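Values reported hereafter were calculated over all heavy atoms of this structure, with side chains retained and with hydrogens, waters and symmetry mates removed. Nothing here was measured: the structure is a model prediction, and the numbers come from that model.
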Amino acid sequence: MKLTLKHCKNYAKLLDAYSQFSPSPLSIKKFIDFGLNACETTSYIFLRKELPVRLANIMKEIALLPENLLRMPSVNAVHQWYMTSFREILEFEKMDDITPRNLRNFCDSIVKIRNRHSDVVETMAQGVIELKESHDVDQQTEHSIQYFLDRFYMSRISIRMLINQHTLLFGGQLERAPGPTQSKYIGCIDPHCNLVCVIKDAYENARFLCDQYYLDSPELIIEQHAINELKAESDVRIVYVPSHLYHMLFELFKNSMRAVMEYHGQNEQYPPIRLTISKGKEDVCLKLSDRGGGIPRSLHDQLFKYMYSTAPQPSKSDAHTVPLAGYGYGLPISRLYARYFHGDLVIMSCEGHGTDAVIYMKALSNEANELLPIFNKTTSKFYRTGY
Ligand SMILES: CS(=O)(=O)N1CCC(Oc2ccc(-c3c(C(=O)NC[C@H]4CC[C@H](C(=O)O)CC4)noc3-c3cc(Cl)c(O)cc3O)cc2)CC1
C-alpha cells in the first residue's frame, strides 16, 4: 500500500499516541496463570494494544539514532519493517467485532510480523558495519549505539515472547495427540524445566563445534546444590523458557571451550569446565568455571560490545586465530535474555587462570517480571546528550 503524505502524518500521530503508553510487563507467573486457563479473545484484546505500544516505544528511539546510522541501508530496512508491522497490527484496533475470522487473521498477522523480523539482529549488525566502513565513529556515537541496541534487542525479545505465547496457545499449528495432551509446556514456558537437561543439550552442541574446529574438547562436570527441596537424586527445576536458557548456555560453553583449547594448546589433557547449579530462596544460579587463562580486566567491557572500535575485520587468511573481538552478538544478547526476566549474566575473569560466568535467574516465577525499555523524556535526553 503506497503511503501518501496524509498517511505518513497519520502514522506519525499514531506513533506519538502509542508511545505515550508504557509497555505493561508480565511475569512468568502471569504467563503461566493465563496459559492454564487461556482465552483467545482476552489475549487478542491485550495484544492488539500491547504490541503496537511496544513497537511504538522502540520506534521512537530508532528515530533518535544518529543520522549517519539511520541512513545506512540495512538500518533503514529494519526501520521500514517496524513501520510496516506497526501499521499492520493497528488494523485490528479499528475492528469492533471479535469474530473467529478476526482472531484467525490476527494470529496469521502476528506470525507474518514475526517472520518479517526474523533477521533483524544480523541486519542491524550489517548496518553497524556499514556505518564503520563509511564514517568515523566517535565515542559518543558508539555509546549511543550500545545503549540503543541493548534496549532494541530487549524490546525485540519481549515482542517475540508475546507473539510466541499467543501463537503457541491459539495458533493451532501443533496437532494435539489424541487423549491427554503430551505437552507440559505453557506456550514456550516449561513449568518444570530440568536445568541439567538444558545444560547437557547446550554443552553437547557446543562440544560438537569445538571437536570440529580443535579435534578435541574439555569435559563437563556438573554439581547441584539446593536448599531444602533437593533430594540426593532429583535435579533442580525452575519455571523458565528453556530456549532462552539454552541460548545463554550455548554461548558461554563456546567461549569457555575456545579459551581452554587456545590456552592449553596441543595438551593431551584439557582442564574440565565445572558447572555448579545452586537454588536458593531468591536466586537460581548456574556458574560455569573454566581454566582457560582468562582475560585482562581491561578487556571485560569489550566482551559485551556490539561494535568494535579497534579490532580489524578477521581476514580469511588468519581464520585459525579467532580474534577476541568476534563479530557475533552472542554474549550481549545472552545477557539480555538473562536480564529479560530480572536475572543477569556476569563474567568474572582472572587473567592467567580462567573465567567464571554466572547466569542468575529468579527462583520465584512471580518475581520473574519482564524488564522492558520505556521511551520517555530521559531516553530522548540520552540520545541528545549521551547521559
Ligand atoms: C561479542 S560476542 O558475543 O560476539 N563474543 C564475545 C566472546 C568472544 O569470544 C571470546 C571467547 C573466550 C574469551 C576468553 C579468553 C581469551 O580469549 N583469552 C585470551 C585472550 C586474552 C586477551 C588477549 C589480549 O590482550 O587481546 C588476547 C587473548 N579468556 O577467557 C575467556 C572467556 C570469556 C567468556 Cl565471555 C567466557 O564466558 C568464558 C571464557 O573463558 C574471550 C572472547 C567472541 C565475541
Apply salt bridge (charged side-chain N to carboxylate O under 4.0 Å, His left out) to the pair E219 and R207, showing each step before the final yes or no.
-> CA-CA 9 Å; E219 294 297 328; R207 181 182 205 178; 2.7 Å; yes
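- One hydrophobic cluster, built from ILVMFWY side chains closer than 4.5 Å, cannot hold both I221 and Y203; they sit in different ones.
- Distance alone, capped at 3.5 Å, places no donor-acceptor pair between the S109 side chain and the N105 backbone.
- Taking the side chain to side chain contact (heavy atoms under 4.5 Å, CB included) definition, one finds that A56 meets it with L15, Y18, S19, F86, sequence neighbours left out.
- The side-chain heavy atoms of I110 and F106, taken from C-beta on, include a pair separated by under 4.5 Å.
- Sorted by first then second residue, the salt bridge (Lys or Arg N to Asp or Glu O under 4.0 Å) pairs that include residues 17-34, not counting sequence neighbours, are K29-D33.
- Residues F21 and K49 have side chains in contact (heavy-atom distance under 4.5 Å, counting atoms from C-beta outward).
- To the nearest 0.5 angstrom, C285 atom SG is 11.0 Å from I277 atom CD1.
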Verdict with reasoning, N366 to S27, per side-chain hydrogen bond (donor to acceptor under 3.5 Å, both in side chains) = CA-CA 6 Å; N366 63 311; S27 67; over 6 Å; no
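- Within the 4.5 Å cutoff, the side chain of V137 has no heavy atoms near those of the L69 side chain.
- The nearest pair of heavy atoms linking N68 to R71 is OD1-NH2, 3.3 Å.
- Taking hydrophobic clusters as Ile, Leu, Val, Met, Phe, Trp and Tyr residues chained together by side-chain heavy-atom distances below 4.5 Å, L36 shares a cluster with L26.
- Listed for the T379 side chain is a donor-acceptor partner under 3.5 Å among the backbone atoms of I374.
- Between the side chain of Q146 and the backbone N or O of Y306 there is at least one donor-acceptor pair closer than 3.5 Å.
- Note on residues 145-156: pairs passing salt bridge (Lys or Arg N to Asp or Glu O under 4.0 Å), not counting sequence neighbours, are E61-R151.
- A side chain to side chain contact (heavy atoms under 4.5 Å, CB included) with M361 is found for one member of V239, D283, L286 and no other, namely L286.
- Between the side chain of Y263 and the backbone N or O of G352, at least one donor-acceptor pair lies under 3.5 Å.
- Of all heavy-atom pairs spanning L90 and P52, the tightest one is CD2-CB, 3.9 Å.
- Both L275 and V196 are assigned to one and the same hydrophobic cluster, defined by single-linkage of ILVMFWY side chains at heavy-atom distances under 4.5 Å.
- Between S380 and L64, the shortest heavy-atom distance links the atoms CA-CD1, 3.7 Å.
- S118 and N115 share no side-chain donor-acceptor pair at under 3.5 Å.
- With hydrogens and angles disregarded, a donor-acceptor distance shorter than 3.5 Å links the side chain of S349 to the backbone of I295.
- Listed by chain and residue number, K60 satisfy the salt bridge (Lys or Arg N to Asp or Glu O under 4.0 Å) test with D16 (two or more places apart in sequence, or in another chain).
- Scanning both residues, F170 and S43, for their nearest heavy atoms gives CE1-CB, 3.6 Å.
- Using modelled atom types and a 3.5 Å distance limit, the side chains of N102 and Y44 yield no donor-acceptor pair.
- Within a 6.0 Å radius of CZ in R291, other residues, nucleotides and ligands contribute 12 heavy atoms or fewer.
- Within the 4.5 Å cutoff, the side chain of L149 has heavy atoms near those of the V128 side chain.
- Considering only heavy atoms from C-beta on, F375 stays 4.5 Å or farther from M59 through its side chain.
- More than 12 heavy atoms of other residues, nucleotides or ligands sit less than 6.0 Å from atom CZ of F46.
- Rounding to the nearest 0.5 angstrom, the gap separating the CG atom in L55 from the CD atom in E88 is 10.5 Å.
- Considering NZ of K184 and SG of C193, their distance stands at 7.5 Å, rounded to 0.5 Å.
- Side-chain contact between Y240 and V284: absent, with no pair of heavy atoms (C-beta onward) separated by less than 4.5 Å.
- K200 pairs by the salt bridge (Lys or Arg N to Asp or Glu O under 4.0 Å) definition with nothing, not counting sequence neighbours.
- In the hydrophobic cluster analysis, where Ile, Leu, Val, Met, Phe, Trp and Tyr join through side-chain heavy atoms closer than 4.5 angstrom, L364 is grouped apart from I28.
- Aromatic ring centres of H117 and Y82: separated by under 6.0 Å.
- Side-chain atoms of P218 and C210, non-hydrogen and from C-beta on, do get closer than 4.5 Å to each other.
- Minimum heavy-atom separation, L336 to M154: O-CE, 3.5 Å.
- Residues C107 and G171 share a closest heavy-atom pair of SG-CA, 3.9 Å.
- Taking the side chain to side chain contact (heavy atoms under 4.5 Å, CB included) definition, one finds that H342 meets it with K362, N369, L371, sequence neighbours left out.
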Only pairs under 3.5 Å count here: list side-chain donor-acceptor contacts from residues 74-81, not counting sequence neighbours, and write none if there are none.
| unit_1 | atom_1 | unit_2 | atom_2 | d |
| --- | --- | --- | --- | --- |
| S74 | OG | E130 | OE1 | 3.4 |
| S74 | OG | E130 | OE2 | 2.6 |

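- Atom CG of residue L249 and atom CG of residue D201 lie 9.5 Å apart, to the nearest 0.5 angstrom.
- Remark: R54 engages E50, E370 in a salt bridge (Lys or Arg N to Asp or Glu O under 4.0 Å) (not counting sequence neighbours).
- Side-chain atoms of D138 come within 3.5 Å of backbone atoms of Q140 as a donor-acceptor pair (strictly under, hydrogens ignored).
- Between H264 and Y270, the ring planes lie perpendicular to each other; the angle is over 60°, past the 30° to 60° tilted range.
- With rounding to the nearest 0.5 angstrom, the CG atom of N255 is 10.0 Å from the CG atom of L288.
- Hydrophobic cluster of M348: the remaining members, joined at side-chain heavy-atom separations below 4.5 Å, are V346, V358, Y360, listed by chain and number.
- Taking 4.5 Å as the limit, some side-chain heavy atom of I189 sits within range of a side-chain heavy atom of M161.
- Side chain of R237 to main chain of H192: a donor-acceptor pair is present (N/O by atom type, distance under 3.5 Å, no hydrogens or angles).
- Classified by interplanar angle (parallel below 30°, tilted 30° to 60°, perpendicular above 60°), the ring pair H300/F304 is tilted.
- For the atom pair OH (Y214) and CG (L209), the distance works out to 11.0 Å, reported to the nearest 0.5 Å.
- Between H244 and Y337, the ring-plane angle classifies as tilted under the 30° and 60° cut-offs.
- Legend: residues meeting side-chain hydrogen bond (donor to acceptor under 3.5 Å, both in side chains) with E351, ordered by chain and number and at least two apart, are absent.
- No side-chain N or O of R116 forms a donor-acceptor pair with one of T84 less than 3.5 Å apart.
- Remark: side-chain polar atoms of D290 are paired, donor with acceptor, to backbone N or O of T355 under 3.5 angstrom.
- Looking at N57, its side chain does come within 3.5 Å of a backbone N or O of V53 through a donor-acceptor pair.
- Listed by chain and number, the residues in a salt bridge (Lys or Arg N to Asp or Glu O under 4.0 Å) with D216 amount to none (sequence neighbours excluded).
- Among residues two or more places apart in sequence or in another chain, the ring-ring contact (aromatic ring centres under 6.0 Å, His included) test is passed with F341 by none.
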